There are 2 protein chains.
Amino acid sequence: MSGLAEQKESGSARVAESLAVAIHEHRLSPGMKLNEDEVGEIYGVSRTVVRAALQQLSHDRLVELKRNRGAFVAQPTVKEAREVFEARALLEPRTAHSAAERATPEDIEILQRHIDEEHAALEQGDTGRALHLSGMFHIEMARIADQSTVADFIAQLVSRSSLIIALYWQRRAALCESHAHDALIKAMARHDGKAAEELMKHHLLDLLTSLDLRDQPSVAKSLKDALT
Amino acid sequence: MSGLAEQKESGSARVAESLAVAIHEHRLSPGMKLNEDEVGEIYGVSRTVVRAALQQLSHDRLVELKRNRGAFVAQPTVKEAREVFEARALLEPRTAHSAAERATPEDIEILQRHIDEEHAALEQGDTGRALHLSGMFHIEMARIADQSTVADFIAQLVSRSSLIIALYWQRRAALCESHAHDALIKAMARHDGKAAEELMKHHLLDLLTSLDLRDQPSVAKSLKDALT
DNA sequence: TGCGCTATTTTTGTATACAACTTTGTGGAC
DNA sequence: GTCCACAAAGTTGTATACAAAAATAGCGCA
């Protein structure tokens, strides 16, 4: 599938996607400087497209742009982490409610496939892929709810959550215990909106409490930030 | 204030802001093509900064970017309009609740000033400014709630709402009857979170029902769209 | 006259060149 | 030896030049 079929997306989209994956997988550390020339060299593109990609990632809050200073991998603070999950708590439970009421058998099938792949990835120890699929589950749910505007917000929040989880992860088992997703899909299969809403609410709470948000991130943006 | 004091923001931010205002004030019609050379000439900047501005506006959903085709002023569909207000209904009532509980006397003062200016603008017939201030009221409320992540979403939704209202506006009086904001500020002054939440919920419902979302937008994207 | 193909023009996508700013390194004064 | 000023290097911000794609116009043909 990655041979020569797709060539439609623009260069900046490709670079942004690749950088986003690298950030999610924690290969790019929070706070790391993203030099435009360097990135351009790596992907074989000019600074023009690198800048477009960085601007896009900046809007997704995966990188922070500082005027005349450059782009840095975002380093969500504890406050920001809480805010992201509070925003999700506002959006996702009622979206799950709608999704449960609207879900078709095909939708359930798609979600079930996501869960199965997630399980497989976890068993193989590929936590990065499991995390990605776990996020896709949430995004797919918003799509089922037929709320593309909310879905866009959720997609952004899920993306930021991945970075947050990578930063503040406390215990591996809490990654997004597929039990929660299993229960959710069952509620959706029987179109039990209220149950889905409650399950999602508690799922997000569990996710939040599984993070260690007591102290500041360990990696500082700069030495000054760390030593003052 | 517009003489020579501020010169800090980048060119693209300035262009984006100016275009956004023009779109909100309906001076740029939905569907209108935004030629990069033309825009650049108007603002005396190169296409480079115009493209950056357009990309930013695209992320705010105020313009639509079509690959190899260019940028067009967004033309929200009826479905999109409903979705925007449904998203606001998810976010704003509970944000108003938090804001009411946290609001300081200074916060109330700021909001009151917004309302006063809004009243003044309405009496002067400057509906564009009134609409802008009305939106600022909602954004300020999210700021008071100390939820900058949610505030960013609300800011984007308010911005899109302005365009939607400009498109689907039915009756002038419904613009954002300041009565609703007056009642909200009173609830906040007495830190009545529950009341603020309910008021916001109904305010948004009123806003939505004041729009004429029965049929498609009247302005076509191009002459061809209109005549074929 | 109407249709379809090709050539031209226009516009966007990308690369490169230059200017402005920030940071860093060096040297001198105290 | 420390601090400040200034110069040098490096990076970002912007403008321009070129390539690729789309829109348009002109022509030939039925």
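Owing to the predicted nature of the structure, the values given are computational and were not obtained by experimental measurement. Per chain, numbering begins at 1; letters A, B, ... match sequence-line order.
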Contacted region of DNA chain C by chain B, from 5' end to 3' end of the hits, cut-off under 4.0 Å to heavy atoms, spans C:dT11 to C:dT14
Separation of [N] [atom2] from [X] [atom1] (nearest whole Å):
X       : N      : atom1 : atom2 : answer
B:Arg67 : D:dA23 : CZ    : P     : 13 Å
A:Arg47 : D:dT11 : CZ    : P     : 10 Å
A:Asp37 : D:dT12 : CG    : P     : 7 Å

Should A:Arg88 and A:His138 count as side-chain neighbours, where that means a heavy-atom distance under 4.5 Å? yes
Could you tell me if the side chain of B:Glu117 sits less than 4.5 Å from the side chain of B:Arg129, heavy atoms only?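 Answer yes - side chains close enough.
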Where each residue is assigned the nucleotide of DNA chain D containing its nearest heavy atom, which of A:Ala71 and A:Thr48 is assigned the position nearer the 5′ end?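 Residue closer to the 5' terminus by nearest nucleotide: A:Ala71.
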What protein N or O atoms touch nucleotides 7-10 of chain D N or O atoms at under 3.5 angstrom, if any, and at what distances?
none

Are [X] and [Y] close enough that a side-chain donor and a side-chain acceptor fall under 3.5 Å?
X        : Y        : result
A:His24  : A:Ser159 : yes
A:Asp116 : A:Gln112 : yes
B:Gln156 : B:Asp152 : no

Pair listing, ring-ring contact (aromatic ring centres under 6.0 Å, His included) test, anchored in residues 27-63 of chain B, at least two apart: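 Non-adjacent pairs meeting ring-ring contact (aromatic ring centres under 6.0 Å, His included): A:His59-B:His59.
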Quick one: on DNA chain C, does A:Ser12 or A:Arg69 contact a more 5' nucleotide (nearest heavy atom)?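 The residue whose closest nucleotide sits nearer the 5' end is A:Ser12.
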Can you tell whether the side chains of B:Arg102 and B:Asp107 come within less than 4.0 Å, N to carboxylate O?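 Salt bridge flag = no for B:Asp107 with B:Arg102.
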N/O donor-acceptor pair under 3.5 Å between A:Ser29 side chain and A:Met32 backbone: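 A pair under 3.5 Å: no.
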